[in-house]
Amino acid sequence: MTAFKGGLHPPYYKEATREREIRPAALPKLVRLPLQQHIGAPAKSVVEVGQHVKRGQLIAEAGGYVSAAVHASVSGKVTAIRPLPHPFGSKLPAIEIESDTWDTPLEETVSIGDVESLTPDQIIEAVHRAGIVGMGGAAFPTHVKLKPPKGVTIHTLILNGAECEPYLTCDFRVMIERPDDVVAGARLLQKAVSAKRIVIGIEANKEEAIETMSEAAGDFSDIAVESVEVKYPQGSELQLIKALAGIELPKSKLPLEAGFVVQNVVTALAVFEAVTKGKPLYERVVTVSGDGVKEPGNFLVRLGTSFGELLEQAGAVAEDAAKVIMGGPMMGLAQHTYEVPVIKGTSGIVVFREEEVEIAEALACIRCARCETRCPAGLATARIGLAAEFGKFEIAEALKVMECIECGCCSYVCPSKRPMTHYMKAAKAEIMRKRQREKAASGE
Amino acid sequence: MRDPLDVKRFMFTVVVALLPCVAAALHFFGLRVLVMILVSYAVGGTVEVLFAIVRKEEINEGFLVTGLLFPLILPPALPLWMVAVGVAFGVIVGKELFGGTGRNLFNPALVGRCFLAIGYPVAMSSNWIQPGGGLLGRLTEYVDASHLDAIISATPLAAAKQGTFADVSDLFWGNVSGSVGETSAFAVLLGGLFLILTHVANWRTVLGTIGSFAALGGVLHHVAPDTFGPAGWHLLAGGLLFGAFFMATDPVTSPITNGGKWAYAVIIGVATVLIRNLTPCVEGVMFAILLGNIAAPVLDEVAIRFRLRRLRNER
């Protein structure tokens with residue numbers, strides 16, 4: 001195994017949920033489905049307030065090439081289309097559906113036919129239609145990752161089962177409970193991009209998953225299950241490629257251009273269900289964990305279910321719950337209300353109690369370089385942090401802050417408790433805005 | 001999620017690592033060492049508190065290190081008021097005027113010592129105590145400049161300039177005169193290795209400093225044995241080890257980048273050899289580290305440019 005440079009090994013705290021089987025969450029009474037659940041352009045609503053929809057029905061179509069369709073996750077009446085609380089922070093347009101409690105599915109009219117005879121384009125079309133996005137958290141529209149630029153041949157499909165985020169076990173559970181379907185999904189993805197081989201990367205501490213996946217992949221000579229070093233952020237795309245193929249790729253290029261397609265194991269499962277059963281992406285597995293929830297577990301949740309409703313099913317939230325995070329504690333986003341909905345990229349909800357939440361004042365950088373030695377992107381993080389702190393974004397840009405993968409290692413190790421990742425994100429956002437302004441100015 | 005190693009623990013680790021040196025100093029030079037440490041903490045701490053009040057900031061644990069390091073690099077019989085003046089100067093000019101912890105260019109303890117060395121050269125080069133022998137050493141004694149029988153005028157390095165070399169085993173265990181904390185190479189190594197194992201001190205800086213010092217010293221001794229003393233002996237004498245483990249590794253005043261750290265360490269090692277052997281200065285470590293401190297930001301700049309160029313070429 002070739003490890004990527006930097007990284008660290010935070011305590012994983014996965015014991016609370018790793019033995020918890022995936023169980024369906026109760027049908028929500030109300031769902032709020034944001035038009036923006038993915039990277040790219042928001043989807044466009046195709047329903048009206050008052051309209052009745054069925055489960056699986058298209059309610060918003062993709063708003064561009066890099067975008068994803070949204071489907072109703074329950075049957076019921078559309079009660080509102082307006083900006084509503086969103087896990088990304090501000091309010092964003094969403095379609096609100098009040099469940100009629102019947103959960104009537106849409107009659108599937110599209111005949112899939114023989115799966116074996118599907119062409120790559122048919123598979124990609126099915127993935128596109130189902131609104132599938134990367135379900136490891138980044139939520140990049142999957143069909144985009146299946147269309148390499150002209151002249152590029154995809155050689156390897158990497159199936160990402162690293163799951164390096166602390167607390168989260170949804171990928172692990174899926175690999176344990178549905179290994180054959182995951183492999184079947186991977187097969188479809190492989191066919192879609194005509195990849196020669198599939199490499200499934202799983203962190204070495206997930207022995208059971210390595211076992212089940214190896215068994216499921218057993219008959220195929222072009223599928224390899226590789227155990228990778230237990231090191232955060234092993235599940236980050238570029239780091240996983242480095243670990244499995246020994247190649248370092250820049251952040252500015254898509255792995256696609258180098259002949260790699262990386263897909264999360266849960267995404268592969270969604271692809272399997274979309275292509276073979278015509279099932280759009282309207283539910284996903286979510287790990288609910290952290291000391292702030294009384295009965296942690298893994299739930300199959302309808303998209304649009306509010307965090308509050310889901311947390312109640314995990315035995316309610318402790319009274320001194322102080323912090324709710326969507327995703328894991330390293331890369332996840334802190335939430336300000338339980339009203340936010342579960343979206344396509346919600347791999348987990350982690351709740352911390354007051355005593356675990358450290359609200360430390362940031363001190364001056366003591367230049368200890370711990371952040372730099374841990375940075376998987378090899379950036380001059382300490383200096384970028386200082387530049388961003390004082391608003392010198394042009395310095396941050398010159399120091400290649402855009403290569404930052406926002407893994408959170410720098411914040412984790414900083415002895416001065418500096419919000420390093422926040423500085424990186426702020427600098428990146430500011431630079432993006434500047435580039436857009438320049439683009440707009442030159443376009444006139 | 002946060003790593004449990006915060007600034008507080010960082011600084012306490014350094015203080016713990018200095019305890020073997022403090023113990024050795026107490027053994028060889030007596031209880032006055034404790035009084036020097038108290039004076040340093042009291043005066044430096046007061047200055048620190050005043051700045052914290054004016055700036056409306058919290059008091060930083062960084063002073064725990066500076067306040068302990070400073071007396072350890074002074075002659076053991078130095079008048080206490082000089083300890084007070086030196087630490088005040090070091091904290092004010094060396095640190096607070098630059099903006100406080102994390103923003104200073106020079107190691108504050110060395111700034112204080114440098115001030116004393118230039119302002120009071122005689123006191124700084126004469127107040128040495130003859131180390132106590134036996135099982136207890138001077139552990140129960142209080143020796144200051146008035147105990148003329150215990151005061152000697154030369155350290156091993158000064159004596160070496162006259163051609164007298166102290167015994168290597170004495171240098172190693174610490175049974176020699178010299179600055180408070182540097183006397184026992186054994187104690188320095190004990191604490192220093194602890195610092196490296198806890199990742200508080202960077203091994204590159206230590207290895208680079210000691211390695212370049214030994215390499216250049218060895219070569220020059222071979223070429224011109226009359227001018228340059230034996231490298232192995234010089235390694236154990238004076239403040240080189242103490243400086244390499246405890247002063248050069250100060251993160252604030254050393255480079256961030258690994259490349260920068262190597263270059264910085266080599267500057268310190270080479271400068272120490274040259275200053276010790278080619279100038280009237282007996283020591284050299286202090287000026288060498290201050291020189292390294294000056295170079296640190298530039299070395300980082302160069303290292304980062306190299307890295308960026310590599311990133312551009314690769315990507």
Side-chain angles (χ1 to χ4, degrees), chain A residues 8-13 165-167 232 248-253 323 325 328-332 350 352 356-374 377-384 386 395 398-400 403 408-419, chain B residues 1-14 55 57-62 65 95 98-105 198-205 249-261 293 296-297 300-301 303-315:
Chain A
L8 45 89
H9 186 47
Y12 267 5
Y13 300 114
E165 265 282 355
Y167 291 94
Y232 181 87
E248 264 179 74
L249 296 175
K251 180 84 167 50
S252 46
K253 263 168 94 183
K323 194 170 192 179
I325 296 169
M330 294 297 289
M331 283 192 79
V350 181
F352 288 126
E356 297 168 291
V357 180
E358 185 187 18
I359 301 164
E361 203 185 327
L363 304 171
C365 170
I366 58 164
R367 300 159 52 85
C368 67
R370 287 163 66 80
C371 53
E372 286 204 23
T373 55
R374 303 296 190 168
L379 297 175
T381 44
R383 204 172 262 217
I384 296 174
L386 282 169
I395 296 178
L399 293 171
K400 300 250 171 193
E403 292 277 325
C409 288
C410 45
S411 288
Y412 180 85
V413 296
C414 179
S416 289
K417 310 289 172 206
R418 292 166 64 75
Chain B
M1 280 180 105
R2 290 286 199 176
D3 195 42
L5 186 99
D6 56 7
V7 170
K8 198 175 282 181
R9 195 188 284 196
F10 206 96
M11 298 304 177
F12 270 114
T13 308
V14 182
R55 289 212 176 106
E57 277 176 7
E58 278 184 43
I59 294 158
N60 195 288
E61 291 81 9
V65 174
K95 189 167 84 172
F98 285 91
T101 301
R103 306 195 172 95
N104 47 307
L105 187 58
T198 50
H199 296 282
V200 168
N202 192 290
W203 62 270
R204 292 177 186 85
T205 307
T249 54
D250 169 26
V252 176
T253 54
S254 56
I256 297 182
T257 55
N258 287 341
K261 282 193 173 92
N293 291 164
D300 266 344
E301 193 66 41
I304 287 173
R305 287 203 185 177
F306 265 109
R307 196 187 328 175
L308 287 176
R309 191 181 302 167
R310 206 183 57 219
L311 279 178
R312 256 196 298 279
N313 288 347
E314 269 177 17
R315 298 170 175 184

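Chain identifiers are assigned alphabetically (A, B, ...) following the order of the sequence lines, protein sequences preceding nucleic acid strands; residue numbering begins at 1 within each chain.
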Would you mind reporting whether [Y] and [X] have side-chain heavy atoms less than 4.5 Å apart?
X	Y	answer
A:Pro166	A:Met330	yes
A:Leu363	A:Arg418	no
A:Glu361	B:Glu57	no

Let me know if [X] has heavy atoms under 4.5 Å from chain B in its side chain, its backbone, both or neither.
X	answer
A:Cys414	both
A:Arg374	neither
A:Cys365	backbone
A:Leu8	neither

Self-check item: Top of A:Ser411, A:Ala382, A:Ser416, A:Pro10 for chain B proximity - count of heavy-atom pairs under 4.5 angstrom
Solution: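 That would be A:Ser411.
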Exercise. Evaluate the ring planes of A:Tyr167 and A:Tyr13, with Trp represented by its six-membered ring, and classify them as parallel (under 30°), tilted (30 to 60°) or perpendicular (over 60°).
Key: parallel
Practice problem: Could you tell me which portion of B:Ile304 (side chain, backbone, both or neither) has an atom closer than 4.5 angstrom to a non-hydrogen atom of chain A? | Solution: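 Contact with chain A: side chain only.
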Quiz item: For A:Lys323, does the NZ atom sit with more than 12 other heavy atoms under 6.0 Å from it, leaving out its own atoms?
Solution: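 No - once you tally the heavy atoms of other residues, nucleotides and ligands closer than 6.0 Å, there are 12 at most.
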Exercise. Just give me the residue among B:His199, B:Glu301, B:Lys8, B:Arg9 that pairs up with chain A most often, heavy atom to heavy atom, under 4.5 Å.
Key: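 Greatest number of close heavy-atom pairs with chain A: B:Glu301.
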Exercise. Flag the pair B:Arg307 and A:Glu372 as a salt bridge only when some basic side-chain nitrogen lies within less than 4.0 angstrom of an acidic carboxylate oxygen.
Key: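 Salt bridge flag = yes for A:Glu372 with B:Arg307.
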